[in-house]
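First the structure, in the form of structure tokens, and then the observations on it.
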Amino acid sequence: MSKKATLLINNQEFDFPIVLGSENETSIDIKNLRSLTGGVTTIDPGFKNTASCESKITYLDGEKGILRYRGYSIEDLSNNASFLEVAYLLIYGNLPTQEEYKKFNDDIKKESIVDEDIKKILEAFPKSAHPMGILSSLTSALTAFNPSSKHIDYDRSKSELYDTIVKVLGKIPVLIAWTFRKKNGLPLDYGDSSLGYVENILKMMFNKPNEQYVQNPVLVNSLNKLLILHADHEQNCSTSTVRIVGSSHAGLFASISAGISALWGPLHGGANQAVLEMLESINEDGGDTNKYMQKAKDKEDPFRLMGFGHRVYKSFDPRAKIIKVATDEVLNDLGIVDPILDIAKGLEKEALSDQYFVDRSLYPNVDFYSGIIYRAMGIPSDMFTVMFALGRLPGWIAHWREMRLRNEPIGRPRQVYTGETHRPYSPISDR
Ligand code: CMC
């Protein structure tokens, strides 16, 4: 017997089907609520209890701290896979065969040429511009240089969509590396197609003129891991943005540019920069973690413990666990002693036994330790969120593609209007 939910509105009963997910998540299907009830809607600011779609990409259990991409655990993938394999998995549903992987890799390499005119746009930005602002603008500009990717009709042009996907994965790392080099006053680097994806990104970022760039396997492994950990996180703020922008049939570059803007905010991807700035200011203020714990708990004080708390994780963020171990490995390997790491560990220790944080299930999230690794790699804090965006590309692409394949309707929420009721206009002379 199929399951249903019954809603009693003004003494009248209405039945709604129950949708079950593959891990038995239960959701009430209210698609027909307005038509059955004569206009009743639901209200859920921040979508705290609303599933906006059905998706086969990522499974997340916030209570148990489980994260899986297409059924594979994040621990397994981040320890064993390459970022491009994970990208393929997220986008197409299965791990690639050797042949599929080679083609995907080769096609991405072929598409990693960026139009010379994009450089002129990059040059026009002031040196003080935030890298996320530059990245979102340049990503949007890519639409102009790749007109065929503007509005893809999926049914008619599967190959066009494939071309656009490999363009995104080929060109955006170049934009990121160029943004980094411009900020550092370095000449732009065109990469090396004989290198692996992650190695090439490192070379494009850090290669110095007249020097042979030497790959450090510790940095390659840790960047590969960080990118995998960031690759998808189901219906988060930026991914929902990408899906909703794409639902108007806007193209992939335009939708991803919107996703980059959504990621920038400090409550989302921008938290990694905010965490490091917070840790630095605690350090400069004498390293008194308890003082900042008190500030975080004080409702009169706007200070929040950045890198703590999550909308869905209520036991621990599995990505934070992996990053914490990787942080120690990277710093040890590079022989770096960073006082900020001790402050981070001190804050975590205090928070885990503090009633305020325990009662609200606030644990370190993915952004709490990632900035410390990026810093050890020589990446400045205003580039952290850009690195997050690089990792999130496969997730945004996978969700955009899934949304178009499922022919989802345009995203257009309802509202509950609480403004003035009708009133007549009065001429300005009477006011
Ligand atoms: N420091 C102090 N108190 C907090 C914090 C924090 N970091 N996070 C949540 N709280 C409190 C909040 O004040 C509220 O208390 P009360 O119930 O007394 O009003 C309670 O915990 C619930 O918080 P909320 O803001 O209603 O929860 P939310 O699900 O709307 O927000 C969040 C989730 C991630 C935006 C929030 O925890 C936060 O602002 N954290 C800091 C920013 C951060 O680290 N963001 C990165 C998230 S992980 C990367 C990503 O995937 O985007």
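Given the structure is predicted, the values throughout are model-derived calculations rather than measurements. Start at 1 and go down the list; that is how both ligands and their atoms are numbered. The chain is numbered in sequence order, starting from 1.
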Is the centre of the [X] ring less than 6.0 Å from the centre of the [Y] ring?
X	Y	result
Trp264	Phe388	no
Phe368	Tyr363	no
Tyr292	Phe303	yes

Looking at [atom], what's its closest protein heavy atom, distance included?
atom	result
atom 10 (N) of ligand 1	Leu362 CD1, 3.7 Å
atom 34 (C) of ligand 1	Gly309 O, 3.7 Å
atom 29 (O) of ligand 1	Arg311 NE, 2.7 Å
atom 41 (C) of ligand 1	Phe308 O, 3.4 Å
atom 7 (N) of ligand 1	Leu305 O, 2.8 Å
atom 47 (C) of ligand 1	Asn365 ND2, 3.5 Å
atom 42 (C) of ligand 1	Met306 CE, 3.5 Å
atom 24 (P) of ligand 1	Arg304 NH2, 4.2 Å

Next on the checklist: Please find the pair of heavy atoms, one from Arg243 and one from Glu54, that lie closest to each other, and give the distance.
Outcome noted: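 Smallest interatomic distance, heavy atoms only, reads NH2-O, 4.2 Å.
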Checklist entry - Minimum heavy-atom separation for Glu111 to Lys167, with atom names? => result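 Distance-wise, the nearest heavy atoms are OE1-CG, 3.4 Å.
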State whether the shortest distance between N or O atoms of [X] and N or O atoms of ligand 1 falls below 3.5 angstrom.
X	answer
His268	yes
Phe388	no
Leu267	yes
Val366	no
Lys314	no

Next on the checklist: In the complex you have, is atom 4 (C) of ligand 1 within reach of the protein, judged by whether a heavy-atom distance drops under 4.0 Å?
Outcome noted: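 There is a protein heavy atom less than 4.0 Å from atom 4 (C) of ligand 1.
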Checklist entry - Does atom 39 (O) of ligand 1 have any protein heavy atom closer than 4.0 Å? => result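 Within 4.0 Å: yes, protein heavy atom nearby.
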Close-contact set for ligand 1 against [X] heavy atoms, below 4.0 Å:
X	answer
His310	34 (C), 37 (O), 48 (S), 51 (O)
Arg360	11 (C), 15 (O), 16 (P), 17 (O), 18 (O), 20 (C), 21 (O)
Lys48	26 (O), 30 (O)
Ala271	43 (C), 44 (O), 45 (N), 46 (C)
Ala296	2 (C)
Lys299	12 (C), 13 (O), 15 (O), 16 (P), 18 (O), 19 (O)
Gly307	43 (C), 44 (O)

Next on the checklist: Please verify the inter-ring angle class for Tyr92 with Tyr162; under 30° counts as parallel, over 60° as perpendicular, anything in between as tilted.
Outcome noted: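 Rings of Tyr92 and Tyr162: tilted, 30 to 60°.
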Item to check | Tyr313 and His233 aromatic ring geometry - parallel, tilted or perpendicular at 30°/60° bounds | outcome: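 Taking Tyr313 first and then His233, their aromatic rings sit tilted (interplane angle of 30° to 60°).
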Item to check | Separation of Glu234 CD from Cys53 SG (nearest 0.5 Å) | outcome: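 If I round to the nearest 0.5 Å, the distance is 8.5 Å.
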Checklist entry - Hey, does Tyr356 sit under 4.0 Å from ligand 1 if you only count heavy atoms? => result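 The answer is yes: ligand 1 sits under 4.0 Å from a heavy atom of Tyr356.
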Item to check | Neighbour count >12 (heavy atoms, 6.0 Å) for atom NZ, Lys64 | outcome: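 Check fails, neighbour count at 12 or below.
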Checklist entry - Is the number of heavy atoms from other residues, nucleotides or ligands under 6.0 Å of Ile66 CD1 greater than 12? => result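 Atom CD1 in Ile66 is crowded, with more than 12 foreign heavy atoms closer than 6.0 Å.
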Checklist entry - Can a salt bridge be assigned to the pair Lys225 and Glu329 using a cut-off of 4.0 Å between side-chain N and carboxylate O? => result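 Salt bridge flag = no for Glu329 with Lys225.
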Next on the checklist: Is it true that Asn236 and Thr239 share a donor-acceptor pair across their side chains at a distance under 3.5 Å?
Outcome noted: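 Distance-only check passes for Thr239 and Asn236.
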Next on the checklist: Under 4.0 Å, heavy-atom basis, I'd like to know which part of Asn236 is in contact with ligand 1: side chain, backbone, both or neither.
Outcome noted: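 Near ligand 1, Asn236 shows nothing, with every heavy atom at 4.0 Å or more.
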Item to check | Cation-pi geometry met for Arg360 and Tyr356 (6.0 Å, 45°) | outcome: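 That pair qualifies as a cation-pi contact.
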Next on the checklist: When you measure from the centre of the six-membered ring of Phe316, is the NZ or CZ of Lys321 closer than 6.0 Å and no more than 45° off the axis?
Outcome noted: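 Satisfied, under 6.0 Å and within 45°.
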